[in-house]
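Single-structure report; data block below.
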Amino acid sequence: TFKRLWKQVAQNLDTYRTFPRLAGECGGKNFHFVHKSADVASVVKGTIRSAFEYGGQKCSACSRMYVPDGLWPQIKRGLLDIHSNIRVGDPVEDFSTFLSAVIDEKSFVRIKTWLDRAKSSSNLNVIAGGNCDDKTGYFVEPTIIETTDPQDAIMNEEIFGPVLAVYVYPENNYKEVLQLIDNTSPYALTGAVFAQDKKVIAEAAEALRNAAGNYYVNDKSTGSVVAQQPFGGARASG
């Protein structure tokens, strides 16, 4: 849509008295990068909230995570423990509900297509969730998918639903992973780095300076307050 608007403006450029300015927020494929020095509890809680609050239906939601192999067993266990207690349902009837249905049938069908693909792909392994039901509403389970291919489409295309893709990398190859994050997706809206090593935090800030408009350190990739804090992205995110 934003590209179409840009083209329309360009075609009518001679009718303007000055060069017009367009601002648009066009989505994202937001990341959590986890270093081996990260605090596991912060990673787990921040990722669950970022990926699954509002059913993942917020432009800043985390949908791809990069985890070092040395920490993955702990992080995976923590994610699954919390996931097992997440309630999906009607928050009007049950205030303990964590997330409800996705917005409409179109969204449900799109997300279901990704879930079906994950179940049939040799690169992807659904480790939590993966089910959906549209009998009484467009409900999708919060889903965690592990991928062996960091360039798989699930790591670079926006899903806009409660789906988190995880790539586990050799912990000493974090510099290569920073480059991978920067180059994988056309979007650059939000991102977060989890590390307690100050040298790594500085390296990540330099490597990912163009990979996110809102950039967080040791916090989830979402949470800026509208009209109180700046928010925006770069690249295909607008």
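Worth knowing before you read on, the calculation uses all heavy atoms, side chains too, and leaves out hydrogens, waters and symmetry mates.
Residues Leu164 and Phe52 form a side-chain contact, since some pair of their non-hydrogen atoms from C-beta on lies under 4.5 Å apart. Using a 4.5 Å heavy-atom cutoff, the side chains of Val102 and Pro162 are in contact. Proximity of Trp114 to Val163: side-chain heavy atoms (C-beta onward) are nowhere separated by under 4.5 Å. Ile201 places a side-chain heavy atom less than 4.5 Å from the side chain of Asn218. The side-chain heavy atoms of Lys76 and Val166, taken from C-beta on, include no pair separated by under 4.5 Å. Glu146 places a side-chain heavy atom less than 4.5 Å from the side chain of Val168. Counting heavy atoms from C-beta on, the side chains of Phe98 and Pro91 never come closer than 4.5 Å. Residues Ile159 and Ile154 form a side-chain contact, since some pair of their non-hydrogen atoms from C-beta on lies under 4.5 Å apart.
Annotation: Tyr54, atom OH; neighbour count of heavy atoms from other residues, nucleotides and ligands within 6.0 Å does not exceed 12. Counting heavy-atom neighbours within 6.0 Å of Glu105 CD, excluding the residue itself, gives a total of 12 or less. Environment of CZ in Arg110: crowded, with over 12 heavy atoms of neighbouring residues, nucleotides or ligands closer than 6.0 Å. Residue Ile103 qualifies as open at atom CD1: its count of foreign heavy atoms under 6.0 Å is 12 or below. For OH of Tyr16, the number of neighbouring non-hydrogen atoms (other residues, nucleotides, ligands) closer than 6.0 Å is greater than 12.
The side-chain hydrogen bond (donor to acceptor under 3.5 Å, both in side chains) search around Asp152 returns Arg117, not counting sequence neighbours.
With no hydrogens or angles considered, no side-chain donor-acceptor pair links Tyr169 and Glu176 at under 3.5 Å. In this model, no donor atom of one side chain and acceptor atom of the other lie less than 3.5 Å apart for Thr147 and Asp149.
In terms of modelled atom types and a separation under 3.5 Å, the side chain of Thr97 and the main chain of Val88 share no donor-acceptor contact. Between the side chain of His32 and the backbone N or O of Val43, no donor-acceptor pair lies under 3.5 Å. In terms of modelled atom types and a separation under 3.5 Å, the side chain of Ser50 and the main chain of Cys62 share a donor-acceptor contact. Between the side chain of Ser121 and the backbone N or O of Ala118 there is no donor-acceptor pair closer than 3.5 Å. Panel note: side chain Lys29, backbone Glu157; a donor-acceptor pair is recorded below 3.5 Å. Judged purely by atom type and a 3.5 angstrom limit, Lys119 uses its side chain to pair as donor or acceptor with the backbone of Gly130. Distance alone, capped at 3.5 Å, places no donor-acceptor pair between the Asp94 side chain and the Asp90 backbone.
With values rounded to the nearest 0.5 angstrom, Trp6 atom CH2 is found 15.0 Å from Thr1 atom OG1. Of the inter-residue distances, the one linking Thr190 atom OG1 with Lys220 atom NZ reads 11.0 Å to the nearest 0.5 angstrom. Rounding to the nearest 0.5 Å gives a distance of 9.0 Å between CD1 of Ile111 and OG1 of Thr143. Separating the CG atom in Asn173 from the OH atom in Tyr66 is a distance of 14.5 Å, to the nearest 0.5 Å. Between the CG atom of Asp116 and the NZ atom of Lys112 there is a distance of 4.0 Å, given to the nearest 0.5 Å. Considering CG of Asn156 and OH of Tyr187, their distance stands at 9.5 Å, rounded to 0.5 Å.
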Verdict with supporting geometry, Gln196 and Asp39, side-chain contact (heavy atoms from CB on, under 4.5 Å): CA-CA 7 Å; Gln196 297 188 78; Asp39 176 73; 3.8 Å; yes

side-chain contact (heavy atoms from CB on, under 4.5 Å) evaluation trace for Asn172 with Lys36: CA-CA 8 Å; Asn172 292 325; Lys36 64 181 181 181; 3.3 Å; yes

CA sep, side-chain torsions, deciding dist, call: Leu79, Trp72, side-chain contact (heavy atoms from CB on, under 4.5 Å): CA-CA 10 Å; Leu79 292 172; Trp72 177 231; 4.2 Å; yes

Candidate pair Arg64 and Ile181, rule side-chain contact (heavy atoms from CB on, under 4.5 Å), full reasoning: CA-CA 9 Å; Arg64 55 178 173 137; Ile181 295 171; 4.0 Å; yes

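In the hydrophobic cluster analysis, where Ile, Leu, Val, Met, Phe, Trp and Tyr join through side-chain heavy atoms closer than 4.5 angstrom, Ile127 is grouped apart from Val140. Residues Val126 and Leu99 do not share a hydrophobic cluster, clusters being chains of Ile/Leu/Val/Met/Phe/Trp/Tyr side chains in contact below 4.5 Å. No chain of hydrophobic side-chain contacts below 4.5 Å, direct or via other Ile, Leu, Val, Met, Phe, Trp or Tyr residues, connects Val44 to Phe31. Under the 4.5 Å side-chain heavy-atom criterion for ILVMFWY residues, no single connected hydrophobic cluster contains both Tyr216 and Phe33. At a threshold of 4.5 Å between side-chain heavy atoms, the hydrophobic network of Ile, Leu, Val, Met, Phe, Trp and Tyr places Phe194 and Ile144 in one connected group.
Heavy-atom minimum distance, Ser60 versus Asn30: C-ND2, 3.1 Å. Between Ala207 and Gln179 the shortest heavy-atom distance is CB-NE2, 3.9 Å. Residues Leu180 and Thr184 approach most closely at O-OG1, 2.5 Å, considering heavy atoms. The minimum heavy-atom distance between Tyr215 and Ala205, with the atom names listed, is OH-N, 3.4 Å. The nearest pair of heavy atoms linking Gln57 to Ser107 is OE1-OG, 4.3 Å. Considering every non-hydrogen atom in both Lys199 and Tyr174, the closest pair reads NZ-OH, 4.0 Å.
Partner of Glu171 under the side-chain contact (heavy atoms from CB on, under 4.5 Å) criterion, chosen from Asp69, Val177, Val67: Asp69.
Between Phe108 and Tyr138, the angle of the ring planes lies from 30° to 60°, which puts this pair in the tilted group.
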